[in-house]
Amino acid sequence: MRKTILALLIASTLSACALTPPVVDTKTELPSAWRSDSVSDISIGRNWWAQFDDPALDNLISAAEAHNQNLVIAAARIDEARAALGITSADQLPRLDLGGKAGRGMSPLLGSPSDSYLLGATASWELDFWGRIKNTNDAARADLLASEYNRDAVALALYANVAQTYFNLRALDQQLVIAVDTLKTRQESFQLRKRRFEGGVTSELDMRQAEVELAAAQASVPGIEQSIAKVASSLSILIGQNPREMIESGVARGKTLKQISLPVNVPLGLPSELLTRRPDIQASEQSLKAAGARIAAARAAYYPTISLTGLLGTESASISDLFSGPARTWSFLGNLAAPLFDNGRTAANVDGATARQKQAVANYRLSIQQAFAETQNALIARSSSAKIVAAQQLQLDSLSRQLKLATLRYDNGFSGYLEVLDAQRSLFQAQLNLAAAQRDQLNATVDLYKAMGGGWKAKG
């Protein structure tokens, strides 16, 4: 009875002293903008790039998912974290070792040599009264989750980079078509001015002005081709193409820039809580949990370590009697090791863990601040880019009409050829600007998908 009462007293005392991770305040005031009363009506679509409806883009992102080396590194970090969790989980269970020993020696009491044989299984187990092992295991589990969220964040950034690089490539392709068409038109114009000069209809000045514009168009083509090669190489690296594929096959194209579908407008009432689903924020939250658990584990070093060791086996002076009934042997041992003086090592470990938790709190709050800043910028950029495309299209239409009128005036002798050249230059630049504006609008949409943690879609 006395043993039972003593055991209960010890158990209740130790349980009362068990350590738990410290609670920290991570609340962040969310803006009222984007709030919604029906948060459940919004979910994040993982394959957000499908909204652009370009099979070539789908294939590029699939290739990046399978072959990009940054994703391989992130996946390996998950495996590493999973292995670390396996190690800490194993510490929560008893360890069982099998051992044997054989020896021969002389004893003064017996006066003759004797043999000794021992075969047994030893079990050892640390009693985790203070939660050191549990908190270490919790920290490892949080690290694993953080590594998985980090992998998702790497993947999201990669897919956005692939999409934006592809759109840059298609914009350059469109600009190359514009430049080649312009070059063809100016070649025809130069030949016409040359024939008219040789026929005495116009002056040499008109011919030379047309020649200057022809040379400018000729110079623009190789510059765009060089830019295309650079962007295509960057895209090849993102999708994990080997050098041979990069040189021989290049990057497959799909729809033209004008044909690529622009996703529908952002639905009204997007909730602020949607941003907390971003993988980088989730990773920061798990890192914060791991830091708190490590503080509790470090504090446990202030208290005694209690472990149990047991042996069950057989021992005999001869091998033939080793497995007989009388040869059985057992032992049970309890160990207690209490810290006395460690020159401040334990306190320093606790202080270090506390400092790392402060860093984790700051990183968590910073990730939320950055998420809202990125989303706000992406919303503004998407709205602005749509207005710019509309304005550029209006300018292009007006310049096309202006060129027709200028050409008509020149052909009828009401103006000089310089007026036609000015209209040609302005139209060429407006065509290039419109392609760039359309690219920027697509890229702004990608930035918004990325900022929102992968996209959105209405449930049901």
For [X] versus [Y], what's the shortest heavy-atom pair and its separation?
X    : Y    : result
Q51  : Y449 : CG-OH, 3.2 Å
A291 : A360 : CB-CB, 4.1 Å
V221 : A179 : CG2-CB, 4.0 Å
Q438 : V389 : N-CG2, 3.9 Å
R151 : A75  : CG-N, 4.3 Å
S220 : A217 : OG-O, 2.7 Å

Rounded to the nearest 0.5 Å, what separates atom [atom1] in [X] from atom [atom2] in [Y]?
X    : Y    : atom1 : atom2 : value
S367 : Q282 : OG    : CD    : 10.0 Å
R439 : L434 : CZ    : CG    : 11.5 Å
L427 : R401 : CG    : CZ    : 13.5 Å
L57  : T165 : CG    : OG1   : 10.5 Å
L257 : N168 : CG    : CG    : 9.5 Å
N363 : D280 : CG    : CG    : 11.0 Å

- Task: Would you sort out whether W48 and L156 count as a side chain to side chain contact (heavy atoms under 4.5 Å, CB included), showing the intermediate values?
- Result: CA-CA 10 Å; W48 50 265; L156 177 58; 3.6 Å; yes
- Task: Take T256 and D173, measure what side chain to side chain contact (heavy atoms under 4.5 Å, CB included) needs, and give me the verdict at the end.
- Result: CA-CA 8 Å; T256 65; D173 289 338; over 6 Å; no
Distance-only, no hydrogens or angles: does the [X] side chain make a donor-acceptor pair with backbone N or O of [Y] under 3.5 Å?
X    : Y    : value
S383 : I380 : no
N161 : A157 : no
D54  : A56  : yes
Q164 : V162 : no
N68  : L238 : yes
N137 : I133 : no
Y159 : G454 : no
S385 : A381 : yes

- Hey, would you say the F52 and F167 ring centroids sit under 6.0 Å apart? yes
- Salt-bridge criterion met for E213 and R193 (N-O under 4.0 Å): no
- Is K184 salt-bridged to D181, going by a charged N under 4.0 Å from an acidic O? no
Would you mind reporting whether [Y] and [X] have side-chain heavy atoms less than 4.5 Å apart?
X    : Y    : result
L366 : Q369 : yes
V420 : Q209 : no
S203 : D206 : yes
D53  : I260 : no
V361 : K358 : no
L158 : L71  : yes
Q429 : L399 : no
L262 : L442 : yes

- Message: I'd like to know whether NZ of K194 has more than 12 heavy-atom contacts from other residues, nucleotides or ligands below 6.0 angstrom.
- Response: no
- Message: Counting neighbours of CD on Q218 that are heavy atoms of other residues, nucleotides or ligands and sit closer than 6.0 Å, is the number greater than 12?
- Response: yes
If we ignore angles and hydrogens, is there a donor and acceptor under 3.5 Å between the side chains of [X] and [Y]?
X    : Y    : answer
S287 : Y149 : no
Q393 : D397 : yes
N377 : D447 : no

- Task: State which residue, out of D143, T136, N349, T354, fulfils the side chain to side chain donor-acceptor pair (under 3.5 Å) condition with R294.
- Result: D143
- For R77, which residues count as a salt bridge (charged side-chain N to carboxylate O under 4.0 Å, His left out) partner, sequence neighbours excluded? none
- Show your reasoning for whether side chain to side chain contact (heavy atoms under 4.5 Å, CB included) applies to Q191 and R195. CA-CA 6 Å; Q191 293 299 326; R195 288 194 300 270; 3.8 Å; yes
- Applying side chain to side chain contact (heavy atoms under 4.5 Å, CB included), run through R82 and E148 and close with a yes or a no. CA-CA 10 Å; R82 186 175 290 109; E148 292 175 346; 3.7 Å; yes
- Query: Y410 vs Y417 aromatic rings, parallel, tilted or perpendicular, using cut-offs 30° and 60°?
  - Reply: tilted
